[in-house]
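A quick write-up on the structure given underneath.
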Amino acid sequence: MKNFADLSEREVLAVAIASEEEDSRIYMTFAEDLAQRYPDTAKIFEEMAEEERGHRHRLLETYEQRFGPHLPPIRREDVKGFLRRRPIWLTKNLPLDTIRKEVETMELEAERFYAKAAEKAEDTGVRRLLGDLAEEEKGHEKLAVKLTGDILKPDVRAEEDRTRRRMFVLQYVQPGLAGLMDGSVSTLAPLFAAAFATHHNWQTFLVGLAASIGAGISMGFAEALSDDGSLTGRGSPWLRGLTCGLMTTLGGLGHTIPYLVPDAWPNAFWIATAIAGIVVFFELWAIAFIRARYMDTPFLQAVFQIVLGGAIVLAVGILIGAA
C-alpha cells in the first residue's frame with residue numbers, strides 16, 4: 001500500500017476516478033434497495049449517484065487533458081487512509097439510519113480526500129477541480145445528515161454531537177474493539193493449552209502474560225501503520241495504535257490473571273481455571289454487546305460470531321493441552 005503523500009498527481013486523479021465510480025454504484029444499490037420502502041429517499045440516492053457520475057466525467061476529462069487516455073491500475077484500497085466499503089451483498093435490507101451513517105462516512109472521507117489532494121496539486125486547473133469537488137462532497141455530507149429527518153423522526157441532535165460521536169467511534173471504538181476481540185480470543189488457545197498441559201498456575205500465568213503482551217504489541221503496530229488518519233479523520237495513528245494495543249493486552253490479561261492463584265492452595269489449578277472460564281464468558285458477551293451497540297451488528301449475529309468462535313478456540317486449547 002502507498003502513503004497518500006507519495007501519490008503523484010496522475011495517481012491522485014486515477015484514485016479519484018475509481019472512487020467516484022464505486023461510490024456511484026453503491027448509491028444506486030442503496031436506491032434499488034430502498035425503492036419499495038422509501039421511494040422518495042431512493043430518488044435522493046439516484047440523484048447522488050448521478051452526481052458522482054458527473055464528478056467522474058469531469059475528473060476523466062481533466063485526466064485525459066493532462067495525461068492521456070490510459071489510467072494506471074490504482075484504487076483507494078491501494079492507498080493508506082481509506083476506510084473499506086461494505087461488500088455489496090452486505091448492503092441489502094439495511095435500516096435507513098444505518099445507511100445514513102454509511103453515507104455520512106463515505107462523504108466525509110471523500111471531502112477530506114479532495115481537500116488534501118487539492119493542497120498538493122501543482123496544476124491550477126487540477127487544484128480548482130479538486131477544491132470544487134471537496135465543496136460538493138461536503139454538501140453531500142450535510143444532505144446525508146438530514147436524510148432520515150422526516151422519515152425516522154429521530155430526536156433533535158446538534159450536528160456537532162453527531163460528528164463527535166462518529167469520530168469517537170472511528171478513533172476509539174473501532175481500534176479498541178479490534179484489540180479486545182483479538183486479545184480475548186487469540187490468547188485463549190495458548191493459555192488453556194499451557195494450563196491443561198502443565199496444571200501449574202504460575203507457568204500458565206507466564207504463558208498468558210507473554211501471549212497478551214505480544215499480541216498487544218503486534219496489534220498496536222498493525223493499527224498504527226494501517227492508516228495515518230489524514231483522509232479518514234480517525235485521529236493520530238499512534239493514539240489509535242496505543243488504544244488497540246492496550247485493549248488487546250487487557251483482553252488477554254483478563255483470563256490470565258486468575259492463574260495468579262498460588263499453586264500451594266488446595267485445588268489451585270481448578271479454582272484458577274473456573275475463574276478464568278467465568279471471565280472468558282463475560283469478555284465474549286461484552287464484545288458482542290459493543291459490536292451490536294456501536295458497529296450496527298445485529299446482537300444475535302454478534303453473539304453467534306464471537307461467543308461461538310471463542311468457545312471453539314477455547315475448546316481447541318484445552319484439547320491440545322490435554323493431549
Side-chain angles (χ1 to χ4, degrees), residues 84 168-198 200-227 234 237-261 269-322:
R84 291 188 178 275
F168 173 75
V169 171
L170 289 175
Q171 294 175 1
Y172 299 103
V173 176
Q174 284 185 351
L177 179 61
L180 185 61
M181 289 171 60
D182 186 84
S184 297
V185 176
S186 68
T187 58
L188 288 176
L191 178 74
F192 283 92
F196 281 84
T198 65
H200 287 288
N201 287 355
W202 180 246
Q203 294 179 12
T204 301
F205 172 77
L206 293 179
V207 170
L209 182 64
S212 302
I213 294 176
I217 294 172
S218 175
M219 285 291 291
F221 274 103
E223 174 63 32
L225 297 176
S226 67
D227 174 10
R234 298 179 70 206
W238 296 111
L239 179 59
R240 293 195 330 274
L242 180 63
T243 301
C244 184
L246 285 176
M247 292 306 295
T248 303
T249 302
L250 289 175
L253 288 179
H255 44 259
T256 297
I257 289 176
Y259 285 96
L260 283 175
V261 171
F269 170 75
W270 293 110
I271 293 173
T273 300
I275 297 173
I278 294 172
V279 171
V280 169
F281 175 82
F282 283 105
E283 285 176 344
L284 297 180
W285 276 92
I287 293 171
F289 172 79
I290 294 171
R291 290 194 67 196
R293 176 68 177 82
Y294 290 100
M295 309 305 292
D296 298 316
T297 303
F299 183 70
L300 291 180
Q301 178 182 332
V303 169
F304 180 80
Q305 293 173 341
I306 300 300
V307 177
L308 180 60
I312 292 173
V313 174
L314 174 62
V316 168
I318 293 174
L319 289 174
I320 292 174

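Values reported hereafter were calculated over all heavy atoms of this structure, with side chains retained and with hydrogens, waters and symmetry mates removed.
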Rounded distance [0.5 Å steps], CG in Leu177 versus CG in Asp182: 11.0 Å
Between [X] and [Y], what is the shortest heavy-atom contact and its length?
X	Y	result
Ala322	Phe196	N-CB, 4.0 Å
Met247	Gly176	CB-O, 3.4 Å
Ala272	Pro258	CB-O, 3.3 Å
Gly251	Leu180	CA-CD1, 3.9 Å
Ile287	Met181	CG2-CG, 3.4 Å

Working note: Asn201 + Leu260, criterion side chain to side chain contact (heavy atoms under 4.5 Å, CB included); need CA distance, chi angles, decisive distance, verdict. CA-CA 6 Å; Asn201 287 355; Leu260 283 175; over 6 Å; no
Do the ring planes of Phe205 and Trp202 sit parallel (below 30°), tilted (30 to 60°) or perpendicular (above 60°)? parallel
Under the 3.5 angstrom rule, does the side chain of Thr248 hit a backbone N or O of Gly179 as a donor-acceptor pair? yes
Check step by step if side chain to side chain contact (heavy atoms under 4.5 Å, CB included) holds for Ile275 and Ile257. CA-CA 9 Å; Ile275 297 173; Ile257 289 176; over 6 Å; no
Using the side chain to side chain contact (heavy atoms under 4.5 Å, CB included) rule, take Val316 and Phe192 through it: C-alpha gap first, then chi angles, then the decisive distance, then the call. CA-CA 9 Å; Val316 168; Phe192 283 92; over 6 Å; no
In the structure I gave you, are the side-chain heavy atoms of Thr273 and Tyr259 within less than 4.5 Å of one another anywhere? yes
